[in-house]
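Structure, as structure tokens:
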Amino acid sequence: MRILLIAGAFNSLTQRVYAELGERGHHLSVELVTRETPLPEVVRRHSPDLIVAPMLKTAVPREVWSARTCLIVHPGPVGDRGPSSVDWAVHLGAERWGVTVLQANDEMDAGDIWAAADCPVPEVGKSDLYRNEIADAAVEAVLSAVARVASGTHRPQPQTTLPDAARTGRPRPPFRQDLRRIDWRSDPTDTVVRKLRAADSQPGVRDELLGDIWHLHGGHPEDTLRGRPGELLATRCGAICRATADGAVWIPELRPPRAPGEPGTLKLPATLALGNRLPPLPEVPAPLGPGDDGPRTWSDIRYREDGAAGFLEFSFPGGAMSTGHCRRLLAAYRHACARPTSVLVLGGRRDFFSNGIHLHVIEAAADPAEESWANINAMDDLVHAVLTTTDRLVVAALGGNAAAGGAMLALAADEVWCRSAVVLNPHYRLMGLYGSEYWTYTLPGRAGPEVAGQLTARALPMTAAAGARLGLVDRIIDCPAQDFAAQTGRLAARLASAPATQTRIATKKAARERDEAERPLAAYREHELDRMHRIFFDPDEPYHALRRAFVRKEPAAATPSHLNSPPVGT
């Protein structure tokens, strides 16, 4: 079918729906919609068989939904209504939630039901839940709804005819800041963590800290540190630890409030955001070893072993890796490489693998060009370490999405294992960058020069299955997000004990030596960084305006043309 996707932004769910529908042979167009978008005119121009709205904050005009079937993807169970459904799921500590695909009509979230799917709600932040369990349920429901529309025989079910037992949700108000407010004097740690996680990416929890108003982003429990409720106790890797009524929480990021009429503000590592306001606090080292069996504490990098398999897990907010993140991960990688293992798995347990350099930290820097340069060199140092590891097999385990330099970090490994739901964006063009991370070596080496050129030029998301067909992915693990780490662990242990693994390591070492003799890695890096240096230090390059618009969430003036070009491999 000819399907038009309409969305407020080409966010993670819109990308996932786009990639999954494309996998199934549908002809897709995309339009990014604001309140000013002349949607009836846009729809007439595309003349689709079906309209799907994976993420839409504005109402669809009657002129559109009365003429064509328009499916709204609502991230809530049957009967749920309101704009803050996922926030409520986390705040309430729900065990299960769902996604409902509705037909647009005059009343928001009240249309006839084409499909629905439910999902578990693990103890994670709202954005992690949205990108994983909610997205999995959304894709299941969208694919079912699209198939039913294509059949021409299915009739959607009016919500008014549903028995009460079928309504697992109910109308809920917007989740405003008064509901999110933390009472540091009386709220226990679990309550504070739940409030923080229900707002982790957006909008954050509005709070007073050190005499100023901030939005707090992300929350992780701490069992050992104690203090007067509300007091700052320590720092760790850019995060701050704040005392609760019965313990403490780690808060990784802060954002100042946005003034009326002003651009969006930057979400930054907490200590960087506070700057000189931060009082002298102890820097409590992050534990590198496992934390599941001991007191609850937060660390964005952990290392563990299972026999001859090592696992270096990392999780950075939004998948962004600052200069500091890269250097700390490189130090942990070197520690892991000093261990007596034959397989090293690099990756998080779930959610983002990596999205490359940290654009928010760069934008906040006194000299963004210099910080861009430092960040890309730190990324390159990390990727170089992976590429030159010749005494063991390295596996990149992607439980969540990867983009730009983060996708290229994965390609530096010997094998790339992806959860089946992963969306890959192996390109840089949309940020006005040529790219580095040795992509001119790894991407053509896996996909061939022609496909590598198409991927970087068309700049479109792809599923893990498409990545496998193109040579970017070696193994697809079809499992829920919560099971990815366990399945990866079993596979890695099996690989480490396989008789052929030592032969593979020897073959890998010889291949790296041949490649180095043919063209040294330093030559690839020099070529890439020469292009990147010119982009970073020329204030007229599009990168600077594109970066600013991205981090300050400036709406797109129009739908980018690349969203209506065919994906690679179709």
Side-chain angles (χ1 to χ4, degrees), residues 8-9 11-12 55 57 75 82-92 123-131 134 173-184 187 189-222 230 232 235-244 248-260 262-275 277-278 298 300 315-320 322 351-352 355 358-361 363-364 550-555:
N11 73 337
S12 61
M55 191 284 291
K57 296 182 178 180
S84 307
S85 182
V86 185
D87 306 61
W88 281 107
V90 176
H91 177 76
L92 296 170
E123 293 184 357
V124 297
K126 175 181 70 172
S127 55
D128 183 339
L129 174 66
Y130 181 80
R131 283 187 290 266
I134 294 291
F175 207 102
R176 304 196 187 282
Q177 286 293 343
D178 60 329
L179 297 170
R180 303 184 193 275
R181 186 179 66 83
I182 296 172
D183 187 338
W184 293 98
D187 282 349
T189 298
D190 288 349
T191 298
V192 174
V193 167
R194 193 162 60 247
K195 289 179 178 180
L196 290 167
R197 286 179 172 173
D200 66 344
S201 178
Q202 285 293 332
V205 174
R206 186 179 174 91
D207 194 37
E208 184 177 345
L209 180 63
L210 301 177
D212 289 313
I213 300 299
W214 295 93
H215 290 267
L216 317 182
H217 292 272
H220 306 274
E222 164 63 42
L232 292 184
T235 62
R236 174 182 292 164
C237 302
I240 53 174
C241 186
R242 194 172 186 184
T244 65
V249 295
W250 289 99
I251 303 169
E253 294 184 315
L254 300 176
R255 178 177 60 85
R258 177 178 184 170
E262 293 296 315
T265 54
L266 301 177
K267 186 166 45 177
L268 295 170
T271 57
L272 178 61
L274 289 170
R277 303 177 186 85
L278 189 68
W298 167 80
D300 53 10
S315 178
F316 304 124
S322 67
D351 205 22
F352 283 125
N355 286 324
H358 200 312
L359 299 176
H360 285 250
V361 170
E363 180 69 13
F550 175 80
V551 300
R552 299 191 183 278
K553 298 189 179 300
E554 297 174 7

Quiz item: So how far is it from W214 CH2 to L268 CG, rounded to the nearest 0.5 Å?
Solution: 8.0 Å
Quiz prompt | pair R206-P257: side-chain heavy atoms closer than 4.5 Å | solution = yes
Quiz prompt | Separation of E253 CD from L266 CG (nearest 0.5 Å) | solution = 11.0 Å
Quiz prompt | G318 backbone acceptor or donor facing N355 side chain under 3.5 Å | solution = yes
Quiz prompt | Flag side-chain contact, heavy atom, 4.5 Å: R197 against V193 | solution = yes
Self-check item: Heavy-atom side-chain proximity of R180 to K195 below 4.5 angstrom
Solution: no
Self-check item: Pairwise distance CZ(R181) to CG(D178) - rounded to 0.5 angstrom
Solution: 9.0 Å
Quiz item: Which heavy atom of S85 sits nearest a heavy atom of P75, and at what distance?
Solution: OG-O, 2.7 Å
Quiz prompt | Step-by-step side-chain contact (heavy atoms from CB on, under 4.5 Å) determination, D190 to V192 | solution = CA-CA 6 Å; D190 288 349; V192 174; over 6 Å; no
Self-check item: Rounded distance (nearest 0.5 Å) linking atom OG of S201 with atom OH of Y130
Solution: 10.5 Å
Quiz item: Yes or no on side-chain contact (heavy atoms from CB on, under 4.5 Å) for I182 and L196, after CA distance, side-chain angles and deciding distance?
Solution: CA-CA 9 Å; I182 296 172; L196 290 167; 4.0 Å; yes
Self-check item: Interatomic distance, C241 atom SG to W298 atom CH2 [nearest 0.5 angstrom]
Solution: 10.5 Å
Quiz item: If you look at every heavy atom in G219 and P252, which pair is closest and at what distance?
Solution: N-CD, 4.3 Å
Quiz item: Where is the tightest heavy-atom contact between R131 and S12, given as atom of each residue plus distance?
Solution: CG-OG, 3.3 Å
Quiz item: Are W250 and I240 close enough that some pair of their side-chain heavy atoms sits under 4.5 Å apart?
Solution: no
Self-check item: Donor + acceptor pair across side chains of T235, T271 (<3.5 Å)
Solution: no
Self-check item: Neighbour count >12 (heavy atoms, 6.0 Å) for atom CD, E123
Solution: no
Quiz item: Side chains of S127 and D200: donor-acceptor distance under 3.5 Å anywhere?
Solution: yes
Self-check item: Gap between atom CG of L210 and atom CG of L278 - 0.5 Å precision
Solution: 7.0 Å
Quiz item: With a 4.5 Å heavy-atom cut-off, do K267 and P317 have their side chains touching?
Solution: no
Quiz item: Is there a side-chain contact between E222 and T244, using heavy atoms and a 4.5 Å cut-off?
Solution: no
Quiz item: Is H215 reaching over with its side chain to a backbone N or O of R255, donor-acceptor style, under 3.5 angstrom?
Solution: no
Self-check item: Side chain to side chain, W88 and P173, heavy atoms closer than 4.5 Å
Solution: yes
Quiz item: For A273 and L254, which heavy atoms make the closest approach, and how far apart are they?
Solution: CB-CB, 4.0 Å
Exercise. Please report the shortest heavy-atom distance between D87 and A198, naming the atom on each side.
Key: OD2-O, 3.2 Å
Self-check item: Minimum heavy-atom distance Q177-P203, with the two atoms named
Solution: NE2-CG, 3.7 Å
Quiz item: Would you say the side chains of H91 and R194 form a donor-acceptor pair under 3.5 Å?
Solution: no
Quiz item: Short question: side chain of D128, backbone of V124 - any donor-acceptor pair under 3.5 Å?
Solution: no
Self-check item: Side-chain heavy atoms of F175 within contact of K126, under 4.5 Å
Solution: no
Exercise. Spell out, as yes or no, whether a donor-acceptor pair under 3.5 Å connects the side chain of R242 to the backbone of W184.
Key: no
Self-check item: CA sep, side-chain torsions, deciding dist, call: D207, I213, side-chain contact (heavy atoms from CB on, under 4.5 Å)
Solution: CA-CA 6 Å; D207 194 37; I213 300 299; over 6 Å; no
Quiz item: Sequence neighbours excluded, which residues qualify as salt bridge (charged side-chain N to carboxylate O under 4.0 Å, His left out) partners of R552?
Solution: E363
